[in-house]
Number of protein chains: 2
Amino acid sequence: MAEDDRAPHDGSQAHGPLLRKLSRIIELSNAETSCLQALHSNTVTFEPGQDILEEGRKIEQAYIQIDGWAYRYKTLLDGRRQIMNFVLPGDMSGIYGGIRVEADESVAAHTRVKCHSFDPVDLIELFGNCPKVGVAISWLVGRQDAIMSEQVLRVGRRTAYERTGHLILELLNRLRHTGDAESRSFELPITQELLADCLGLSVVHVNRTLRKLRENGIAHVKENRILIDDLERLINVTEFDGGYLEPHKLPPKVDQALN
Amino acid sequence: MAEDDRAPHDGSQAHGPLLRKLSRIIELSNAETSCLQALHSNTVTFEPGQDILEEGRKIEQAYIQIDGWAYRYKTLLDGRRQIMNFVLPGDMSGIYGGIRVEADESVAAHTRVKCHSFDPVDLIELFGNCPKVGVAISWLVGRQDAIMSEQVLRVGRRTAYERTGHLILELLNRLRHTGDAESRSFELPITQELLADCLGLSVVHVNRTLRKLRENGIAHVKENRILIDDLERLINVTEFDGGYLEPHKLPPKVDQALN
DNA sequence: CGGATCTTTGACTACGTTCAATTATTGTGG
DNA sequence: CCACAATAATTGAACGTAGTCAAAGATCCG
């Protein structure tokens, strides 16, 4: 799991999970790459349980996550908590810092989390100086938006069973984009309580749902890994269509406009 | 309700709901304003029920909504539908068109909807040519993101009663930013079925929830208007904090960087 | 006026929650 | 290396919020 971000996974670029992800949708020149690399100069580590950003507080730094699992969440006064989404290697936090002073959500590290930090205001300048990188970042933002959208559908209209299965597939696919998952399994270093707070369910019910998934021969958890036993059926049951996660090449018109 | 976008509401700018909203967070020069105005040259009208964008199809046009209610939604195969969010005057649709070819969600007009349309690729160029406008648009994107985030919390962790009340307050506040709501009431031209699909509830339950809200003297619907009878209590019950909707001035550092 | 759509209510059902207790599993210090 | 504490997973039983089904009013509109 712990990965050296200088070691390429499979012949792709050796610049860490963010560039690995971006290289699939847009071709960056050396100048542009180093433009992005400028955001990679600082490294910070957060310990499990530590807050990376806090709802309502000023966003001092933005982050590019390299390793570990974090999550974006909100809470209600009586303690109910909702996780919007997990933050995985290659994901960014706090990018609105230059524009929307206060954080709308909290972000916390669940495992030990390693990330690069930078001044969110730099991002604004980067959009001006390096439009192609701006487009790449916008693509990421759009993708996050699509993920959020699936999250609303999941929590709002899917049953507990569908919900759980669908999230598993989303995580599988997201992790595969950075080389952090095998074809049918991945490391899931989180508790059922986190899962519950992400799925809008109680811990007890998550547990029962996972059991049903296991009993049906669809997927099971073993030693902090999730193993998918019947991928096809899981896809069918959850109506999973990974299109929203996939990198598409940019429209040619845009590529021209940028060169 | 139907409003002439040349007629200022209250001494603010007379350039339609988008500029009215933006003028609260960022000062735009004449050059910048006309930069934005370039997106306002075409006008389209959609009839009730008509699709503005369709999930999975290419995004041909982006839109700035001037008037009417639309909604972004997704459906499951058996007909379950989840509304991500309502699209109100001053909101944009299809802005990722230049970057993410296919639409991740559908957008449909509920009332008659009037909007300006433009080529989403123009938006990319605009970011390069007119950074201040880029920042303004990014602010809008960030705000949408925050709204989505609240939607996840609402649907995932709030009770039906809290959910319904919270959405009412969100709509009230959003509409007030464009002058489309009074201080404690607004035109709600939608059916309970739409509300249900937004709240992740059944129509029947929405109906019962609205009744409870009415019986408790908190809010009631009359002639397609929602009237809030006890604003303070509604805010308390729903733990509503409108911060995520409010325009904040940009950090001074950013303002400098842009001039 | 008549048909269609929307709202409202009742009765019953069920999915998921809560409470409570038991059984792993993990981590820590002696 | 084990004992103990703490955390996490698992299961049962009872409950409750919200869903489904069905039917009766309202309202809208041509």
Side-chain angles (χ1 to χ4, degrees), chain A residues 1 47-49 69 71 76 78-82 108 110-112 154-167 187-216 219-227 237, chain B residues 1 47-49 69 71 76 78-82 108 110-112 154-167 187-216 219-227 237:
Chain A
M1 182 58 203
E47 295 305 316
W69 282 57
Y71 54 93
L76 297 175
D78 65 0
R80 281 174 287 177
R81 176 174 70 167
Q82 177 67 44
H110 180 66
T111 64
R112 176 189 289 249
R154 205 154 45 203
V155 172
R157 284 302 188 206
R158 288 189 216 259
T159 65
Y161 190 68
E162 298 164 344
R163 244 182 254 191
T164 309
H166 193 274
L167 178 64
E187 184 92 32
L188 185 75
I190 64 174
T191 63
Q192 294 184 2
E193 193 185 349
L194 274 206
L195 229 36
D197 284 340
C198 180
L199 295 169
L201 297 170
S202 67
V203 198
V204 174
H205 203 65
V206 165
N207 186 286
R208 289 184 177 128
T209 305
L210 287 174
R211 175 172 54 169
K212 202 180 280 181
L213 243 17
R214 173 169 15 97
E215 286 171 352
N216 290 348
H220 69 279
V221 179
K222 181 153 197 179
E223 290 158 9
N224 279 331
R225 286 189 77 77
I226 184 130
L227 299 151
V237 164
Chain B
M1 181 60 204
E47 295 305 316
W69 282 55
Y71 54 93
L76 297 175
D78 66 0
R80 280 174 288 176
R81 177 174 69 168
Q82 177 65 45
H110 180 67
T111 64
R112 176 188 290 247
R154 205 154 47 202
V155 172
R157 285 302 187 206
R158 288 190 217 258
T159 65
Y161 190 69
E162 296 164 346
R163 244 181 255 189
T164 308
H166 192 274
L167 178 64
E187 183 91 31
L188 184 75
I190 65 174
T191 63
Q192 294 185 2
E193 193 185 348
L194 274 206
L195 270 185
D197 284 341
C198 180
L199 295 169
L201 298 170
S202 67
V203 196
V204 174
H205 204 65
V206 166
N207 186 285
R208 289 185 177 125
T209 305
L210 287 174
R211 174 173 53 172
K212 201 180 281 180
L213 244 17
R214 173 169 16 98
E215 286 171 353
N216 290 350
H220 69 279
V221 179
K222 181 154 197 179
E223 290 158 11
N224 279 331
R225 286 188 76 79
I226 185 130
L227 299 151
V237 164

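Chain identifiers are assigned alphabetically (A, B, ...) following the order of the sequence lines, protein sequences preceding nucleic acid strands; residue numbering begins at 1 within each chain.
- Atom NE2 of B/H205 and atom CZ of B/R163 lie 8.0 Å apart (nearest 0.5 Å).
- Atom CD of B/Q192 is separated from atom P of C/dC6 by 11 Å (rounded to the nearest Å).
- In B/R112, the CZ atom is not crowded: 12 or fewer heavy atoms of neighbouring residues, nucleotides or ligands sit closer than 6.0 Å.
- Side-chain contact between B/L199 and B/H166 is absent, with no heavy atoms from C-beta onward closer than 4.5 Å.
- In this structure, A/V155 and B/Q82 have side chains that are not in contact, with every pair of non-hydrogen atoms separated by 4.5 Å or more.
- Ranking C/dT8, D/dT11, C/dT7 by closeness to the B/R214 side chain, first place goes to C/dT8.
- From one end of the helix from C/dC1-D/dG30 to C/dG30-D/dC1 to the other, with five pairs defining each end axis, the axis direction shifts by 50° (rounded to 10°).
- Considering OG1 of B/T164 and CG of B/L201, their distance stands at 5.5 Å, rounded to 0.5 Å.
- A straight line from CG of B/N224 to C1' of D/dC28 spans 10 Å, rounded to a whole angstrom.
- Counting to the nearest Å, the P atom of D/dA18 and the CG atom of B/D197 are 16 Å from each other.
- In this structure, NZ of A/K212 is placed 15 Å from C1' of D/dT11, rounded to the nearest angstrom.
- Atom C1' of nucleotide D/dT7 and atom NE2 of A/H110 are separated by 11 Å, given to the nearest angstrom.
- Regarding A/I190, its CD1 atom lies at a distance of 16 Å from the C1' atom of D/dT7, rounded to whole Å.
- Looking at A/R211 and A/R214, their side chains come closer than 4.5 Å, going by heavy atoms from C-beta outward.
- Annotation: the span from B/H220 atom NE2 to B/E215 atom CD amounts to 13.5 Å, rounded to 0.5 Å.
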Heavy-atom protein contacts under 4.0 Å, nucleotides 16-24 of chain C, coded B base, S sugar-phosphate only, - none: BBBB-----
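- When side chains are defined from C-beta on, A/L195 counts as touching A/L167, because their heavy atoms get closer than 4.5 Å.
- Between B/N207 and the phosphate of C/dT7, there is no side-chain N or O to OP1/OP2 separation shorter than 4.0 Å.
- The 12-atom threshold is exceeded at CD of A/E47, counting heavy atoms of other residues, nucleotides or ligands nearer than 6.0 Å.
- Remark: A/R211 is in phosphate contact with D/dT11, judged by side-chain N or O atoms under 4.0 Å from OP1 or OP2.
- Taking atom CD of residue B/E193 and atom P of nucleotide C/dT5, one finds them 11 Å apart after rounding to whole Å.
- Put simply, CG on A/L213 is 13 Å from P on D/dT10, counting in whole angstrom units.
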